[in-house]
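A short worksheet on the structure shown next.
This structure is a prediction, so every number in the text was calculated from the model and none was measured.
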Amino acid sequence: MLPFQEVDLDPHSAGWDIEWPIKLDALTSYQAELERMFGLNSGEYDFPDLLLDATGAPSSFMGRLAKWPAFRHRNVANLLANDIRSEKGPIIWLNATATEFHFDPASRFIRTRLQSRNGNALEVTARETVITAGAIESTRLLLLADRQHDNRIFAPHNMLGRYFYDHLSSPTARLTGMRKKALNRLVGFRFEGSTMRNLRFEPTADLRHRQGYPAGFLHIAFSETRPGGFDAVRRVYRKLQKGGTPTASEMMDLARGAPWLLKAAWWRFVEKRLLFPEGAELDVHTVIEQEPRAENRISLSQKRLDEFGCPLATLHWHVSENDGRNAYALTKAFVVTWNRGSLSHLAQVELRTTEDELRTSLKLGGGIFHPGGTIRMGADASRGVVDPEFRTFGVSNLSVISTAIFPTGGGANPTMMLMMAALRAADRLIQQSRRVQ
Ligand SMILES: Cc1cc2nc3c(=O)[nH]c(=O)nc-3n(C[C@H](O)[C@H](O)[C@H](O)COP(=O)(O)OP(=O)(O)OC[C@H]3O[C@@H](n4cnc5c(N)ncnc54)[C@H](O)[C@@H]3O)c2cc1C
């Protein structure tokens with residue numbers, strides 16, 4: 001979890017014709033509440049002094065530390081179990097797939113039909129409806145709702161489903177001449193109480209605007225290593241997580257990994273870091289926000305239907321020349337900054353890609369599951385599908401909470417921003433319902 005920065009919502013540093021119709025604090029005002037909910041500590045996210053330049057001043061890349069909730073807090077249904085089960089809690093229907101949407105002639109949402117595999121169906125009538133089906137499915141459901149109403153609500157504005165983007169990521173450089181212990185202390189996963197944290201470097205607003213870079217970040221990760229203690233622990237953990245019992249050979253591997261495990265325990269409790277696996281190489285990964293382009297879009301499939309006879313989503317998505325260029329330029333800037341800066345005594349960063357290779361790598365599998373843009377927020381219906389309160393322009397009592405409402409991907413993973421958006425929408429709906437009562 002990591003909030004976006006103000007620059008991510010400002011007029012775009014790369015000159016893209018796109019705007020966020022809200023300011024960052026409309027969402028980050030919920031940050032403390034969200035941190036409390038997930039049991040996160042309240043430590044800072046931004047560390048501008050982590051990587052200094054040759055003159056000792058903050059460089060053009062800022063350290064940022066994301067927060068990971070404790071493992072037991074990562075399942076939201078468990079986290080909120082008491083609220084969910086309480087008398088005042090919500091009613092939840094499982095195995096109920098929304099398949100039909102009914103608007104009245106004044107384009108007010110009145111009814112949803114939900115179906116289950118066993119043939120049962122449920123109709124829900126509500127004063128307000130919020131679609132929260134994930135970025136791709138929420139878009140598909142709105143396209144479906146529009147089709148069920150002769151494409152007269154969203155289709156005329158030609159915004160719904162368009163401007164799909166993802167974050168694009170690829171390994172781009174390798175650390176050489178490493179002082180491994182010191183690096184492990186700097187970039188290894190940190191433990192602060194029950195909160196786990198990891199480091200990335202984001203270009204400052206100044207660098208982005210000066211060079212016309214989009215948002216992005218670089219992080220240092222160890223690459224897959226030969227089998228050893230780390231690998232053995234991971235396999236056993238995964239088995240236990242799935243409710244299985246480790247096999248005898250997995251337990252033997254664990255025993256063989258004991259020397260590394262002992263060291264790792266020391267690092268966990270004394271250094272408060274996750275120890276790198278034996279023989280790990282350290283790679284720099286570049287992540288950038290992809291340019292939202294109208295031709296990158298979600299539409300309804302002409303042929304493929306789900307089990308309820310509704311068309312599936314089809315994704316038209318490609319990585320452009322600009323995306324490759326942006327990722328390469330940002331990487332080069334980072335390599336130069338690191339190698340001249342205050343952390344260069346820990347290792348040198350060696351660029352390991354050309355612009356062409358990087359573009360190819362991003363095209364072949366650069367997406368990292370942060371889809372967005374296809375129900376984007378805008379100041380009016382010609383600029384977006386939902387307004388700054390996340391209500392659709394077409395149907396005033398229908399809202400959407402999904403990363404699809406974010407006009408751009410920003411410089412951080414999206415889910416913290418998404419949950420803050422959900423809290424904002426919940427506040428608005430509570431106030432509305434009080435006014436009605
Ligand atoms: C491998 C992976 C790693 C990720 N890592 C990170 C990360 O480190 N940090 C981060 O910030 N984000 C990460 N993300 C992104 C993150 O998972 C999403 O941002 C987040 O889950 C979106 O939440 P959501 O509630 O909008 O959608 P979802 O989590 O997709 O939930 C949508 C729900 O709607 C239900 N649904 C769909 N259609 C219907 C329908 N017709 N009727 C009824 N119900 C329906 C689905 O079953 C699902 O339960 C990752 C994603 C992936 C895939």
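For Trp20 and Phe406, the ring centers sit closer than 6.0 Å to each other. Residues Phe201 and Phe217 keep their aromatic ring centres 6.0 Å or farther apart. For Phe191 and Phe269, the ring centers sit 6.0 Å or farther from each other.
Between the side chains of His370 and Gln290, no donor N or O sits under 3.5 Å from an acceptor N or O. The closest side-chain donor-acceptor pair between Asn41 and Glu192 falls under 3.5 angstrom. Side chains of Asp356 and Thr354: no donor on one and acceptor on the other come within 3.5 Å.
Between the Lys363 side chain and the Gly324 main chain, no donor and acceptor come within less than 3.5 Å of each other. Listed for the His167 side chain is a donor-acceptor partner under 3.5 Å among the backbone atoms of Gly410.
Residues Arg36 and Glu33 are not paired through a salt bridge, judged by the lack of any N-O separation under 4.0 Å between the basic side chain and the carboxylate. Note on Arg273 versus Glu271: no salt bridge recorded, every NZ/NE/NH1/NH2 to OD/OE distance being 4.0 Å or above.
The shortest side-chain heavy-atom distance between Thr172 and Leu358 falls under the 4.5 Å cut-off.
With sequence neighbours excluded, the residues satisfying side-chain contact (heavy atoms from CB on, under 4.5 Å) with Asp83 are Leu80.
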